[in-house]
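Comments concern the structure below.
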Amino acid sequence: MLQRRHFVTFVALAAIAATWGLMLVFSWSPTLGAIAFAPWVALIGFDAGAPAGTVAVALAVTLWLVGANADHVSFNDGQIAVRSGSLFVLALGSALVGRRLRKSEAAQRHVAMLQSALIDSTLDGICLTDSSGEILISNKPLRRLTLELGMPHAGTVPERLLAIADTIVEPERYRTRMLELAAAPSDASIDEFEVAATGRVFRGYTAPVPDLEGSFGGRIWTLREVTADRELDRMRDAFVATVSHELRTPLTSISGFLEMMQDEEDRLDDTGRQYLDVIRRSTERLYSLVEDLLLVAQIEAKRVELDLADVDLAELAARTVEAMRPAAGEKGVTLEVVSDHPPTARGDQVRLTQVLDNLVSNAVKFTDEGGVVTVTVKGNGDGVDLVVKDTGIGVSTEEQGQVFTRFFRASTATKRAIPGTGLGLAISRALVEQHGGTISFSSREGEGTTVTVRLQATPDR
């Protein structure tokens, strides 16, 4: 900045000297007058500030007077004062404008530096492209990842991404996806891909950026390495599968011996029968836990297949409630079924029964003595709503966003030491969504909970 300012000032001084030289050679001082020095005085004031501008004014007036004297032209004090004052005002005004512009430039440079430092300090690679895909801004993490992935240094972002297609697991699928991104620049997207040679996994995110008029002006791209997350998922799934398998073997033995002991149950005294009942219930709970863990693993691996048929949800709800009545009776909870003869839904009866079992058993479990659990099945336009409502302990507003997370348990449940694994709602959501339906959750702490499942009704044939 200092060198540039010196350069402009020196150019202006040279121009002053050249102007004065022309005045002397061609006797132009009466014709041109002091105004001939005005542009150069303004440049010096703008570039070097008010003191330098004042000096430039004095130099310009002196040279003008010397030139006029050489041409035998004289001016009175008033004329000299007017010309000198005009040049001084010009120099001072230019100096103020230059100072303000330099302050603005410094502020913008400082903001740009902070913004650059901010995006450079993120873990994600980030860049902004114009409407054609050319990079306008990029941060250091993205430039580093670009080198590590072997992307070319030139071209649009879609072209650079396509250039590494052969190094990616499932290259054809990756290539197709990149072509789709290039063809739809105004669409937001999230994709993951794995590098074949290293096993590194990356997640890419894109979103359109509007211009001042609100139309498509560019695109933001982010790239994040999620290798550790995917490895953790694989380890978790392997752990779940291993534990489930290892639990099944001893459970099979326990169940076998239980059946043998049940044949001799009449010979046991009251204490023995009580112990046997505890073992039976604990075995059933363990079986249920193992099945849930295996189902979670199947869902994560997308290996759950649906046997679709027309399902009468009202009948399904009635059977589930009847099966749950003994447990509800022990707790003093009333179970009710309400139905308005809704249409059938297209679904897998076994999987939908699992959903109902999870929802109704949860409602009973978290409802105190004297409470009511109501299962409602009703038509809703072209869909069927399955609503499980209880008057139980509820879930706090802050925790409701996590209820469909695997292994999550609400604080209201943990405070009361109510047993559970936190898998029921997660499994239910996965199964409902696989049916193309939706599931929602609403609750008020201390008042109760409502879970609503909406499925498509069987179309008329």
Any side-chain donor paired with an acceptor under 3.5 Å for [X] and [Y]?
X	Y	result
D124	T222	no
D357	S361	no
S411	E399	yes
R219	T129	no
N139	T122	yes
S132	D130	yes

Side-chain heavy atoms of [X] within contact of [Y], under 4.5 Å:
X	Y	answer
D368	T391	no
K389	T449	no
E336	V372	yes
N358	S428	yes

Can you name the one residue among F37, F75, W20 that meets ring-ring contact (aromatic ring centres under 6.0 Å, His included) with W64?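 Going through the options one by one, the only one that passes is F75.
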Quick one: which of V157, L145, I164 gives a side-chain contact (heavy atoms from CB on, under 4.5 Å) with M151? I164
Using a cut-off of 6.0 Å, state whether more than 12 heavy atoms not belonging to I137 lie near its atom CD1.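 Count not over threshold, so no.
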Reference residue E225; test salt bridge (Lys or Arg N to Asp or Glu O under 4.0 Å); the match among R144, R200, R203: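 When salt bridge (Lys or Arg N to Asp or Glu O under 4.0 Å) is applied between E225 and each of R144, R200, R203, only R200 qualifies.
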